[in-house]
S.K.: 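Handing you a structure now.
Each chain gets a letter, A, B and so on, in the order the sequences are listed, and its residues count up from 1.
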There are 2 protein chains.
Amino acid sequence: MDAHGRVKSHGYRMTRQRRAVIEVFAEHPGRPLNPADVHLLASEKMPDIGLATVYRALELLCELDVVRRVHLHEEAQHYELNTGEHRHHLVCVSCRGVFPYRGCDLEELEERVRGESDFQVISHCLSIFGYCGECLASAKA
Amino acid sequence: MDAHGRVKSHGYRMTRQRRAVIEVFAEHPGRPLNPADVHLLASEKMPDIGLATVYRALELLCELDVVRRVHLHEEAQHYELNTGEHRHHLVCVSCRGVFPYRGCDLEELEERVRGESDFQVISHCLSIFGYCGECLASAKA
DNA sequence: GATAATATTGAGAATAATTCTCATTTATAT
DNA sequence: ATATAAATGAGAATTATTCTCAATATTATC
């Protein structure tokens, strides 16, 4: 189901503000956005949208799994559209760029956890820090 | 080198406050501590230790790799002694307990990253959320 | 052990992200 | 079109963390 459907089917209203926030994500793939980014971009569509509303929309959209929280270890939280694919992020410590990492095997992780402890996995978070290709290249030059 | 040596060898002073913070970690293995926890526990040894000092000590000890930051996705950061072993954490969403996870193969991760993108890994952070054995057992009962 | 130089500290102010409050507005079922 | 309840905007409140700066304590040197 799409974002609109997910909001409505859970009994929430599809407000102009929520639509604007969803659109902002759709129109800005690439680096995950923080609440201030989303607020700024959404303001172009809805000049009066409040920051608190953006926070509330992000919380709701996370709950509905329309967007996902991304942990970049910066001051603010970041968010990106949930593409459905299982993925994590490569974060360049030089240019702060964020790139997808698809090499995490969920079943393998769950099996390893089971193998060493009595723990039932619900979710996990992996962030990988280092240098991206572009920064590596410019360092060599 | 031990904590004391690492502080001194980098030209920092071994103050009573820093010693107290280090001792607190040594005396409280188990759940990682947040700055407020450390401040409270250190206050038992040094009643006048300030919270800002605890923050500064934690920052320094992280830099020296005496302690490591642990990302539990709670409001505050958490810290634990660096045992030297490569490990991550299993976080119980029910009792908030934190348990070590040693199943992460660093070389394998680096190889997988290299396999799918031009990125040089420096560090990574993995947190696994779910139900611990004790909470699973009490849920069944 | 005393002294001087300077790193460190304590206290509280400052900052910044996030959440809360509440009167007003708006989406939607009817 | 209307009623109802959900959602919003604005700013206050909260909370973790950092900063400032005068006072203090560590340590190298004598």
S.K.: Is any side-chain heavy atom of A:Phe25 closer than 4.5 Å to one of A:Leu58?
M.R.: yes
S.K.: Mind listing the residues from residues 14-30 of chain B sitting with a heavy atom below 4.0 Å of DNA chain C? Number order is fine.
M.R.: B:Thr15, B:Gln17, B:Arg18
S.K.: State plainly whether one hydrophobic cluster holds both A:Leu40 and A:Leu72, where clusters connect Ile, Leu, Val, Met, Phe, Trp and Tyr through side-chain heavy atoms under 4.5 angstrom apart.
M.R.: no
S.K.: Quick one: on DNA chain D, does B:Arg13 or B:Glu75 contact a more 5' nucleotide (nearest heavy atom)?
M.R.: B:Glu75
S.K.: Whether the A:Glu63 and A:His10 side chains hold a donor-acceptor pair (N or O, under 3.5 Å, no angle test) is what I'd like checked.
M.R.: no
S.K.: Any side-chain heavy-atom pair from B:His4 and B:Arg19 closer than 4.5 angstrom?
M.R.: yes
S.K.: Considering all heavy atoms of both residues, which atom of B:Ser43 and which atom of B:Ile49 are nearest to each other, and what is their separation?
M.R.: OG-CG2, 3.9 Å
S.K.: If a pair satisfies ring pair (Phe, Tyr, Trp, His ring centres under 6.0 Å) and one of its residues is in residues 49-81 of chain B, list it, with sequence neighbours excluded.
M.R.: A:His71-B:His73, A:His73-B:His71, B:His73-B:Phe129
S.K.: Would you indicate whether A:Glu111, at its atom CD, is surrounded by more than 12 heavy atoms from other residues, nucleotides or ligands within a distance under 6.0 Å?
M.R.: no
S.K.: Which heavy atom of A:Ala76 sits nearest to which heavy atom of A:Asn34, and what is that distance?
M.R.: CB-CB, 4.0 Å
S.K.: Can you tell me if B:Arg69 uses its side chain to pair, donor with acceptor, with the backbone of B:Gln77 under 3.5 Å?
M.R.: no
S.K.: Test of understanding: clusters of I, L, V, M, F, W, Y form through side-chain heavy atoms closer than 4.5 Å, transitively. Do A:Tyr131 and A:Val98 belong to the same one?
M.R.: yes
S.K.: Does A:Glu116 come within less than 4.0 Å of B:Arg87, counting only side-chain N to carboxylate O?
M.R.: no
S.K.: Tell me if the CD atom of A:Glu27 is crowded by more than 12 foreign heavy atoms within 6.0 Å.
M.R.: yes
S.K.: So if I take residues 4-11 of chain B and measure heavy-atom distances to DNA chain C, which residues fall below 4.0 Å?
M.R.: none
S.K.: What are the bounds, 5' to 3', of the part of DNA chain D that sits under 4.0 Å from heavy atoms of chain B?
M.R.: D:dA16 to D:dT27
S.K.: Would you compute the distance between atom CG of B:Leu33 and atom NE2 of B:His28 and round it to the nearest 0.5 angstrom?
M.R.: 7.5 Å
S.K.: If a pair means Watson-Crick or G-U wobble with both distances below 3.5 Å, what does DNA chain D look like in dot-bracket form, with | marking bases paired to a different strand?
M.R.: ||||||||||||||||||||||||||||||
S.K.: Give a yes or no answer on whether the side chain of A:Arg112 reaches the backbone of B:Tyr101 with a donor-acceptor pair at less than 3.5 Å.
M.R.: no
S.K.: What are the residues of residues 33-67 of chain B, sorted by number, that bring a heavy atom to within less than 4.0 Å of DNA chain C?
M.R.: B:Asp48, B:Ile49, B:Gly50, B:Ala52, B:Thr53, B:Arg56
S.K.: Say whether A:Leu90 and A:Leu126 are linked into one hydrophobic cluster, either directly or through other cluster members, by side-chain heavy-atom distances under 4.5 angstrom.
M.R.: yes
